[in-house]
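Worksheet: the structure to be examined is printed underneath.
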2 protein chains.
Amino acid sequence: MLRVTATTPQEAESCPVRDVLDRIGDKWSLLILCALADGKLRFMDIKRAIGDVSQRMLTQTLRHLERDGYITRRVYPSVPPRVEYELSELGRSLLVPVQQLIAWAETHHPEIAAARDRYDARPENVPQAD
Amino acid sequence: MLRVTATTPQEAESCPVRDVLDRIGDKWSLLILCALADGKLRFMDIKRAIGDVSQRMLTQTLRHLERDGYITRRVYPSVPPRVEYELSELGRSLLVPVQQLIAWAETHHPEIAAARDRYDARPENVPQAD
DNA sequence: CCGCATCCCACATGATACTG
DNA sequence: CAGTATCATGTGGGATGCGG
């Protein structure tokens, strides 16, 4: 069996895979990482690139990504303030397996959609919307 | 910029990457897929393999995985009931990029931990627990 | 053994307003 | 511009009990 987490709560706290998935599995982290793939961006540039993220969630997600070392944050003490975010080496290296997953998703999306159609077509699975 | 989602809500509904990440990013799906990597298992076997999952969440996650075509569900009309779950071809193929991500996570976990320690050591980041 | 229904709570996320 | 603070809310997920 592949080892993804641990059987005891203590071990689960330090599961490497959960650490990573808790980040890229959330709603905004991956979008931010991909927005920064081309180079450094300012706060508002990221916000515009993503579109429908609230300032609160953007700030929070950026902090998490910074804490884990995926991005760097640089503040220029000018007025108005200017903050630039950039992928770190670690962040860029994460993008490699992530892009493989993205490629897989795009390749197999039709199969997933077909599987859902088949599943939803079965009479026994229609009680309510799921 | 890497394209991970869309800028409009309508497009976001059918984003392939979100479809996949919403699954493997949740709390139990990846654990179940990995538990099934070695072969078919009965409901209770999966529950024991994972350890601290509730029956409710196990059932729900298995349904989602079945609906998306990652696993197959086979019911034997015996008494007591007997249900076996098995990875589909699609599920096995998903494990390829997923295992790369797992490998990345295990390789780079020390760097993440170090980055967190550095971040948490900075005085300006200590207001509350985050 | 397998799974559904119900209740409930914690938390992630969003909306809005305010600040340096 | 780049946040912080506050309030509201939807949903994930646990506990428990019942049913086939």
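Chain identifiers are assigned alphabetically (A, B, ...) following the order of the sequence lines, protein sequences preceding nucleic acid strands; residue numbering begins at 1 within each chain.
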What is the distance, to the nearest angstrom, from the [atom1] atom on [X] to the [atom2] atom on [N]?
| X | N | atom1 | atom2 | answer |
| --- | --- | --- | --- | --- |
| A:R23 | C:dA12 | CZ | C1' | 12 Å |
| B:I50 | D:dG13 | CD1 | C1' | 14 Å |
| B:D52 | D:dG12 | CG | P | 19 Å |
| A:Q60 | D:dG3 | CD | C1' | 13 Å |
| B:R74 | C:dC2 | CZ | P | 16 Å |
| A:F43 | D:dT4 | CZ | C1' | 11 Å |
| A:E84 | D:dA2 | CD | P | 9 Å |
| B:H64 | C:dC4 | NE2 | P | 11 Å |

Of the nucleotides [options], which one has an atom closest to the side chain of [X]?
| X | options | result |
| --- | --- | --- |
| A:Q55 | D:dA2, D:dG13, C:dG3 | D:dA2 |
| A:M57 | D:dA2, C:dT13, C:dG3 | C:dT13 |
| A:D26 | C:dC1, C:dG20, C:dT13 | C:dT13 |
| B:K27 | C:dG14, C:dC4, D:dG13 | D:dG13 |
| B:R42 | C:dC2, D:dG3, D:dG14 | C:dC2 |
| A:R63 | D:dT4, D:dC1, C:dC2 | D:dT4 |

When every non-hydrogen atom of B:D68 is compared with those of A:R116, the smallest separation belongs to OD1-NE, 2.6 Å
Worksheet item: Would you say the side-chain atoms of A:E111 and A:H108 include a donor-acceptor pair closer than 3.5 Å?
Response: yes
Of A:M44 and B:R56, the one whose closest nucleotide on DNA chain D sits nearer the 5' end is A:M44
D:dG3 phosphate, OP1 or OP2: any side-chain N/O from A:Y85 under 4.0 angstrom? yes
Between [X] and [Y], is there a donor-acceptor pair closer than 3.5 Å when you use the side chain of the first and the backbone of the second?
| X | Y | answer |
| --- | --- | --- |
| A:W104 | B:V20 | no |
| B:S29 | B:R23 | yes |
| B:R92 | B:L87 | yes |

